[in-house]
Amino acid sequence: GAVVSQHPSWVICKSGTSVKIECRSLDFQATTMFWYRQFPKQSLMLMATSNEGSKATYEQGVEKDKFLINHASLTLSTLTVTSAHPEDSSFYICSARDVGGGPTDTQYFGPGTRLTVL
Amino acid sequence: AQSVTQPDIHITVSEGASLELRCNYSYGATPYLFWYVQSPGQGLQLLLKYFSGDTLVQGIKGFEAEFKRSQSSFNLRKPSVHWSDAAEYFCAVGARGNKLVFGAGTILRVKS
């Protein structure tokens, strides 16, 4: 149980285009999902917290107009990188918080999406 | 502010040897603590977590971790390492409903 999927697993796009990444919780409902960015050989940096039915909360320094987050249902959140540039190339990982699994809540992570902007 | 320190960037152990990965945290309240493992190009897999109760926590793949409040530590251990354990390990601290703060990670290499 507690499986999170991401699609696509990797994507290559041209500079100036937009890319959408999907994050799905497959066997549980997630009122909250998180989007992280990971640079090579570095730790995960939280970009934003996505709450179902409301606006995402962005971390300081993250451009909300560039990284659009939509959490339209209890099992799906999307991250759209708008007008992508080479510096946006990174590994993007989502996680979903399972609040229905018992007395504690835990984040379960997707497999990540490798974005390369040419 | 919450923070997590993993003092060791790289650790190399021989297959079959014991392993301990260090993690120290800073958090004002009772912490929720996690260990995750990441293989190259993959997402994170939860190894174990501590929320309350017994301070020695058992996880998957034969890993365990011990919460020591007096030392603000949550070290990960395994009695006998397998080559398949080679990966990067992240310690994280979080509070209920809040975001996770990750350490910088420790890369484990296993030599045969």
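Not measured: the values here are computed from a predicted model. Proteins get letters first, then strands, A, B, ... in listed order; numbering begins at 1 in each.
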Q. With a 4.5 angstrom heavy-atom cut-off, which part of A:Q6 approaches chain B: side chain, backbone, both or neither?
A.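 No part of it gets close to chain B.
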
Same cluster or not: [X] versus [Y], using hydrophobic residues (I, L, V, M, F, W, Y) connected whenever any side-chain heavy atoms lie under 4.5 Å apart?
X     : Y      : answer
B:Y89 : B:V93  : yes
B:L47 : B:L19  : yes
A:Y36 : A:L68  : no
B:F90 : B:I107 : no
B:L76 : B:V13  : yes

Q) Top residue by heavy-atom pair count (under 4.5 Å) with chain B, among A:T49, A:L46, A:I93, A:L44? A)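 Of A:T49, A:L46, A:I93, A:L44, A:L44 has the most heavy-atom pairs under 4.5 Å with chain B.
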
(Q) Please identify, among A:R114, A:Q38, A:M45, the residue contributing the most non-hydrogen atom pairs under 4.5 Å to chain B. (A)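 Most heavy-atom pairs under 4.5 Å with chain B: A:Q38.
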
To the nearest 0.5 Å, tell me how far [X] [atom1] sits from [Y] [atom2].
X     : Y      : atom1 : atom2 : result
B:Q45 : A:F109 : CD    : CZ    : 12.0 Å
A:S95 : B:L100 : OG    : CG    : 6.5 Å
B:K99 : A:E59  : NZ    : CD    : 3.5 Å

Q | Interchain contact, B:L44 with chain A, by part (heavy-atom threshold 4.5 Å) | A |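 The answer is both parts of B:L44.
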
**Q.** Under 4.5 Å from any heavy atom of chain A - which part of B:F102
**A.**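 Both backbone and side chain.
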
Q: Heavy atoms only: give me the nearest A:Y108-B:K49 pair and the separation to one decimal.
A: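 Where A:Y108 meets B:K49 most closely, the heavy atoms are OH-NZ, 4.2 Å.
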
Q: Search all heavy atoms of B:Q42 against all heavy atoms of A:F91 and return the closest pair with its distance.
A: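 In terms of heavy atoms, the two residues are closest at O-CE2, 3.5 Å.
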
(Q) Looking at A:S43 and B:G103, would you say the former's side chain and the latter's main chain have a donor-acceptor pair under 3.5 Å? (A)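 Looks like yes, one N/O pair under 3.5 Å.
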
Are there over 12 heavy-atom neighbours, none belonging to [X], within less than 6.0 Å of that residue's [atom1]?
X     : atom1 : value
A:K20 : NZ    : no
B:I9  : CD1   : no
A:H7  : NE2   : no

